[in-house]
Protein chains: 4
Amino acid sequence: MILNVDLTSDTPIYQQLRDRIVEAIAEGVLTEGSLLPATRALAADFGINFHTVNKAYDLLRQQGLIRLNRGTGAVVTLTVADPPFRADWTARARTLLAEAAAKGLPPEEVLATCRSMLDSFGANQPKDTP
Amino acid sequence: MILNVDLTSDTPIYQQLRDRIVEAIAEGVLTEGSLLPATRALAADFGINFHTVNKAYDLLRQQGLIRLNRGTGAVVTLTVADPPFRADWTARARTLLAEAAAKGLPPEEVLATCRSMLDSFGANQPKDTP
Amino acid sequence: MILNVDLTSDTPIYQQLRDRIVEAIAEGVLTEGSLLPATRALAADFGINFHTVNKAYDLLRQQGLIRLNRGTGAVVTLTVADPPFRADWTARARTLLAEAAAKGLPPEEVLATCRSMLDSFGANQPKDTP
Amino acid sequence: MILNVDLTSDTPIYQQLRDRIVEAIAEGVLTEGSLLPATRALAADFGINFHTVNKAYDLLRQQGLIRLNRGTGAVVTLTVADPPFRADWTARARTLLAEAAAKGLPPEEVLATCRSMLDSFGANQPKDTP
DNA sequence: GTGGTCTAGACCACA
DNA sequence: GTGGTCTAGACCACC
């Protein structure tokens with residue numbers, strides 16, 4: 001698993017870490033039960049402090065994407081999207097799409113971009129019928 | 001124009017203001033040349049500090065959506081989406097879509113949601129051929 | 001006896017096990033002298049490590065609710081609530097009730113909920129006068 | 001406002017801090033809009049690190065009890081109890097009451113304790129009709 | 001070994 | 001001045 005974080009970006013490192021891991025889950029690189037790198041090991045990889053990784057993992061835990069177990073490490077444990085999440089997500093999506101529309105991006109192009117991303121996520125998903 | 005901001009939300013008010021104005025532009029409620037409310041008037045409407053409104057307007061200016069003219073107020077002045085913006089937007093969209101996918105939302109449903117939002121934006125858009 | 005534990009919950013499994021057994025005792029499903037399932041058997045039922053069950057049993061032992069006898073297994077042996085326990089319990093109850101009050105739950109509703117729970121516990125209790 | 005935390009307890013300091021503040025809100029000592037002590041100031045009062053206070057405040061923020069604003073400090077902002085909270089709270093209350101019942105505390109006594117606590121919370125609440 | 005907590009001190013963004 | 005982030009290093013509880 002390759003996580004691309006930019007230490008010079010103005011978005012917090014722990015936020016970037018969270019985003020990259022969420023994307024890895026969406027891509028199927030990480031699946032239910034996958035073991036995440038140990039906080040201190042991941043921190044060493046990026047040359048950052050383990051507290052920063054800790055914060056990213058804690059965010060993911062709050063959002064129901066991973067479980068943190070002392071001794072055994074962090075594992076991916078997906079939970080269903082509850083209505084509050086859906087509402088929040090939709091609101092954020094609305095703002096993001098509005099931004100594209102306001103900047104004149106053609107709706108068809110935006111939609112095509114979204115579709116191709118979603119397709120790329122689905123491509124690596126574990127199939128029920130192999 | 002009605003801007004819906006939640007003073008109790010955990011997202012900063014200036015961010016909400018920016019988001020609502022971006023959405024208003026996407027919806028066609030605000031178009032090229034539209035005059036935005038004066039910062040102090042808008043602040044009074046919501047009972048917030050006018051610096052907060054200023055900050056929202058400044059964000060919109062940085063993103064090339066409005067121009068701030070001393071004395072004449074803020075007017076909507078759309079600029080084309082440059083490559084850096086597209087790259088940034090795509091990255092943010094990728095993360096948002098990944099979040100939906102990671103939480104198990106069906107791709108078709110996500111795509112349908114996006115399409116209906118984009119359609120709703122397009123409905124009120126001014127036509128190029130009057 | 002049916003113990004309902006959620007392996008995906010964020011509360012530790014041993015904690016859930018302890019809670020369910022405490023509730024079973026309160027409900028009268030388990031009474032003084034009742035024999036608890038063997039740790040390895042219970043662990044096998046849930047597909048968890050028997051150390052986890054051990055830990056739950058040890059917690060119950062520390063709290064004076066069961067006795068662990070090598071060979072004969074764990075039996076329910078109730079002990080009276082001593083002042084330290086009462087003080088600790090009251091403090092925890094205070095925090096829990098405060099949480100409800102802080103979130104605006106009406107006191108009458110909270111009290112009614114507590115009463116109905118206590119009533120449900122008392123329903124199956126063994127009588128002192130057989 | 002007097003917050004009683006035990007630095008030698010085995011429950012984390014940030015957890016105790018959170019509990020004490022929740023209780024202060026329930027008691028009406030802190031009400032909607034109240035300004036909490038600055039993280040560093042509170043840390044200095046207790047002789048603990050400001051990060052520990054930070055964590056307590058962040059917990060309260062996650063639970064919708066306070067808002068954290070850079071520059072202006074932390075203010076109490078109550079939000080309504082949503083169904084997931086109620087379900088979670090009820091489950092925790094059930095376990096706590098079961099613990100009392102299992103230890104032989106008489107239901108009437110438990111209920112009386114709860115009632116007196118809830119009454120003490122209500123006593124200092126701001127009245128609509130002064 | 002794992003994650004969890006706490007401390008200490010730095011710098012930043014914001015108001 | 002506030003909270004937010006990051007670093008560095010310590011010790012603990014658990015597996």
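Scope of the values below: all heavy atoms of this structure, side chains included, with no hydrogens, waters or symmetry mates. Here is how names work: the chains are called A, B, and so on, in the same order as the sequence lines, proteins then strands, and each is numbered from 1.
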Among dG3(E), dG3(F), dT5(F), the one nearest any side-chain atom of Tyr57(D) is dG3(F)
Choose from dG3(E), dA13(E), dT7(F) the nucleotide whose nearest atom is closest to any side-chain atom of Arg70(D).
-> dA13(E)
Judged by nearest nucleotide, the residue sitting upstream toward the 5' end of DNA chain E, Tyr14(D) or Ala38(A), is Ala38(A)
Pairwise 5' ranking along DNA chain F for Thr11(A) and Thr39(D), keeping only the more 5' one = Thr39(D)
Rounded off to whole Å, could you give me the CZ-to-P distance for the Arg18(A) and dT5(F) pair?
-> 14 Å
For dC14(E), the Watson-Crick or wobble partner whose two distances fall under 3.5 Å | dG1(F)
Mind calculating the distance between CG (Asp58(D)) and C1' (dG3(F)) to the nearest angstrom?
-> 11 Å
Checking all strands, does Asn54(D) fall into the base, sugar-phosphate, or nothing category for heavy-atom contacts under 4.0 angstrom?
-> base
base_contact_polar (dG4(E) base, Arg40(A) side chain, donor-acceptor, <3.5 Å) = yes
Mind calculating the distance between CZ (Phe46(A)) and P (dC6(F)) to the nearest angstrom?
-> 13 Å
Less than 4.0 Å between a side-chain N and a carboxylate O, is that true for Glu23(B) and Arg18(B)?
-> no
Pairwise 5' ranking along DNA chain F for Ile48(A) and Gly71(A), keeping only the more 5' one = Ile48(A)
Between the side chains of Glu32(A) and Thr77(A), is a donor N or O closer than 3.5 angstrom to an acceptor N or O?
-> no
Round to the nearest Å and state the distance from Leu7(D) atom CG to dC6(E) atom C1'.
-> 11 Å
Within this structure, what is the CG-to-P distance between Leu59(A) and dG4(F), rounded to whole angstrom?
-> 13 Å
Would you say the base of dC6(F) and the side-chain of His51(D) have a donor-acceptor pair closer than 3.5 Å?
-> yes
Find the distance Ile13(B):CD1 to dA15(E):P and express it as a whole number of Å.
-> 10 Å
Examine dT5(F): is either OP1 or OP2 under 4.0 Å from a nitrogen or oxygen in the side chain of Lys55(A)? Give yes or no.
-> yes
Positive for side-chain contact (heavy atoms from CB on, under 4.5 Å) with Leu3(B), one of Asp45(B), Asp19(B), Leu17(B) = Leu17(B)
Distance in angstrom units between Arg67(D) CZ and dG3(F) P, rounded | 14 Å
Nearest-nucleotide check on DNA chain E, Thr72(D) vs Gly47(D); residue mapping nearer the 5' end is Gly47(D)
Does Asp88(A) come within less than 4.0 Å of Arg92(A), counting only side-chain N to carboxylate O?
-> yes
Could you state the CG-P distance from Asn49(B) to dC14(E), rounded to the nearest angstrom?
-> 15 Å
Hey, are Arg61(D) and Asp58(D) close enough for a salt bridge, meaning a charged N less than 4.0 Å from a carboxylate O?
-> yes
